[in-house]
Asker: 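Please read through the structure below; I'll follow up with questions.
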Protein chains: 2
Amino acid sequence: MSEPRTLRRDARANAAKLQTAAREVFLAKGLDAPLDEIARAAGVSTGTLYNHFGSREALIDAVIPEVAGARMHALGAAVEAEATAAGRLQAFVLGMIQLQQDDPALNDALLRRYPDAVALTGVCDQSALLGRQLVRDAHAEGTLASDFTEDDLLALLWLAGTAGRDRTAPSSWRHVVTRSITSALSQHR
Amino acid sequence: MSEPRTLRRDARANAAKLQTAAREVFLAKGLDAPLDEIARAAGVSTGTLYNHFGSREALIDAVIPEVAGARMHALGAAVEAEATAAGRLQAFVLGMIQLQQDDPALNDALLRRYPDAVALTGVCDQSALLGRQLVRDAHAEGTLASDFTEDDLLALLWLAGTAGRDRTAPSSWRHVVTRSITSALSQHR
DNA sequence: GGTAAACTTGACAGTGGGGTCAACATCAGA
DNA sequence: TCTGATGTTGACCCCACTGTCAAGTTTACC
């Protein structure tokens, strides 16, 4: 791969089929789905997959950032709609948790399980930055306990993501996690 | 295995070496350590390990409940020493988290990663019962928010255990988790 | 329609674990 | 000391997955 700038028609079709299959399989099963399965779903051999993408990370990067970006964008809009910094932070946290639960791939992305997927990592970095900003805003507004730090927010989301990945998690992990943020938000003195 | 009630001297020695090795390796690396490694540490082949114990679960059960029981017992004593139900609950949570962090094997046990290790599961059940009782006591005492349930406590410990297992966990997960219980304890109206 | 370049295939090797078994070794007791 | 019951060995098979490559197929262009 790489030298010829235009792919042969069949090759282009295969690449497209692979991307479609990858999107589906990744979204359904998470970013650690067997590449085998993606190749099979695309009706192509694993060799072809490697020929086109060379690594799991590259395949992820070719497919997931777009989806993740769109989802994050939508969440960003919902967050903006809130009137107060406290409201925005809460909307952000609940929205992120929702995204993580709905979509194993996004969850894996946010947990940074594949740091070599650079494009995807970029999307996550942005969302982390947004989260940090929301924490700062809420602090400035005086509606977030000052000992709830930016890192605490990221840890909270990490916990939620990790719990969401694990089928053996007791279901009330949600209570525990959300209590942590809501209590920090209601302690505005 | 099984019919002869007295093992040959060398066989007994091997079983003992295996138990010692298993204790060490399990405590150091968690209950999912390769059995290979345990056999090697005992100076014995994997066949011998299987000959004596037949499965990972059986080996775990032969070795870990004793340690786990002792640790839990010590924690129980420390908890008893507290004057109030709130104090006992807090001591229990912090103590459990400490145990989970200090000892991957105990952590795996409490997360019930090997439910077929029945003896071990028994020990965990007991500690769960103690936790539930402490929640009920604190509710009765009026020092624990009534929407913090027994299941919430178990979920909290599950979260802590899971975070502790994962080297990629952001370190402030501890803040997040402990805030959840401390806020529920300080909301006694 | 023939040919070279581009592409695909699938069998294969590698990894890292679980578990088995026929052949070999050792022990205990007569 | 000899023998058979008891134990042990480690090569071997299994699984699921990653990644490679020589041989075969298809396309694009003359």
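Proteins come first, then strands; the chains are lettered A, B, ... in the order of their sequence lines, and each starts at number 1. Below, all heavy atoms of this structure are taken into account, side chains as well, without hydrogens, waters or symmetry copies. Just so you know, these numbers come straight off a predicted model, no measurement behind them.
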Asker: Can you spot which of B:Lys29, B:Arg165, B:Arg71 makes a salt bridge (Lys or Arg N to Asp or Glu O under 4.0 Å) with B:Asp103?
Answerer: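 It is B:Arg71, the one option of B:Lys29, B:Arg165, B:Arg71 that forms the salt bridge (Lys or Arg N to Asp or Glu O under 4.0 Å) with B:Asp103.
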
Asker: Taking CG from A:Asn51 and P from D:dA23, how many angstroms apart are they, rounded to a whole number?
Answerer: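 It works out to 18 Å between those atoms.
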
Asker: Between D:dA16 atom C1' and A:Arg56 atom CZ, what is the distance in whole Å?
Answerer: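 My rounded result for the distance is 12 Å.
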
Asker: Taking the side chain of B:Leu35 as heavy atoms from C-beta outward, which of C:dG18, C:dG10, C:dC7 is closest to it?
Answerer: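 Nearest nucleotide to the side chain: C:dG18.
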
Asker: Among C:dG18, D:dT26, C:dT9, find the nucleotide with the atom closest to the side chain of A:Thr48.
Answerer: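 Nearest listed nucleotide: C:dT9.
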
Asker: Nearest-Å distance, OH (A:Tyr50) to P (C:dA11)?
Answerer: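 So the two atoms are 17 Å apart, to the nearest Å.
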
Asker: Please compare A:Ala11 and B:Gly54 by the position of their nearest nucleotide in DNA chain C and report the one closer to 5'.
Answerer: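 Comparing both residues, the 5'-ward one is A:Ala11.
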
Asker: Return the nearest nucleotide to the side chain of A:Thr46; candidates are C:dT9, D:dT20, C:dG19.
Answerer: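 Among C:dT9, D:dT20, C:dG19, the one nearest the side chain of A:Thr46 is D:dT20.
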
Asker: Can you tell me the distance, in whole Å, between the CZ atom of A:Phe53 and the P atom of D:dT18?
Answerer: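 Whole-Å distance recorded here is 15 Å.
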
Asker: Given D:dG19, D:dG7, D:dT9, identify the nucleotide with an atom nearest to the side chain of B:Leu7.
Answerer: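 Within the option list, the nearest is D:dG7.
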
Asker: Does a side-chain N or O of B:His52 approach OP1 or OP2 of D:dG7 to a distance below 4.0 Å, or not?
Answerer: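 Indeed not, no polar side-chain atom of B:His52 lies that close.
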
Asker: Atom CG of A:Asn14 to atom C1' of D:dT25: distance rounded to whole Å?
Answerer: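 My rounded result for the distance is 12 Å.
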
Asker: Among the nucleotides D:dA28, D:dT18, C:dA28, which one has an atom lying closest to any side-chain atom of B:Arg9?
Answerer: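 Taking heavy atoms from C-beta onward, the closest nucleotide is C:dA28.
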
Asker: Taking atom C1' of C:dG17 as reference, at what distance in whole Å does atom CG of B:Leu31 sit?
Answerer: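 In whole Å, C:dG17 C1' and B:Leu31 CG are 16 Å from each other.
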
Asker: Whole angstrom is fine here: how far is it from CG in A:Leu59 over to P in D:dC17?
Answerer: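 Rounding to the nearest Å, CG of A:Leu59 and P of D:dC17 are 16 Å apart.
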
Asker: Is there a donor on the side chain of B:Arg8 or the base of C:dT26 sitting less than 3.5 Å from an acceptor on the other?
Answerer: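 Check passes, donor-acceptor contact within cut-off.
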
Asker: Measuring only between side-chain heavy atoms, which start at C-beta, is A:Leu153 closer than 4.5 Å to A:Arg132?
Answerer: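 Side-chain contact under 4.5 Å: no.
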
Asker: Using atom CG of B:Leu18 as one end and atom P of D:dT9 as the other, report the distance to the nearest whole Å.
Answerer: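 One finds 9 Å between P of D:dT9 and CG of B:Leu18, rounded.
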
Asker: Counting N and O atoms only, with roles assigned by atom type, does the side chain of B:Ser180 sit under 3.5 Å from a partner on the main chain of A:Val176, one being a donor and the other an acceptor?
Answerer: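 Yes, because the side chain of B:Ser180 sits within donor-acceptor range (under 3.5 Å) of the backbone of A:Val176.
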
Asker: Would you mind telling me which of A:Asp151, A:Asp152, A:Thr149, A:Asp147 makes a side chain to side chain donor-acceptor pair (under 3.5 Å) with B:His175?
Answerer: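 Per the side chain to side chain donor-acceptor pair (under 3.5 Å) rule, the option paired with B:His175 is A:Asp152, out of A:Asp151, A:Asp152, A:Thr149, A:Asp147.
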
Asker: DNA chain D: B:Val44 or A:Asp32, which has the more 5' nearest nucleotide?
Answerer: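 The answer here is B:Val44.
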
Asker: So B:Leu154 and A:Pro170, do their side chains get closer than 4.5 Å, heavy atoms only?
Answerer: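 SC-SC contact between A:Pro170 and B:Leu154 ruled out.
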
Asker: Nearest to the B:Pro34 side chain among C:dT8, C:dG18, D:dT9, which nucleotide is it?
Answerer: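 That would be C:dG18.
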
Asker: Choose from C:dT9, D:dG7, C:dG18 the nucleotide whose nearest atom is closest to any side-chain atom of B:Asp10.
Answerer: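 So the nucleotide nearest the side chain must be D:dG7.
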
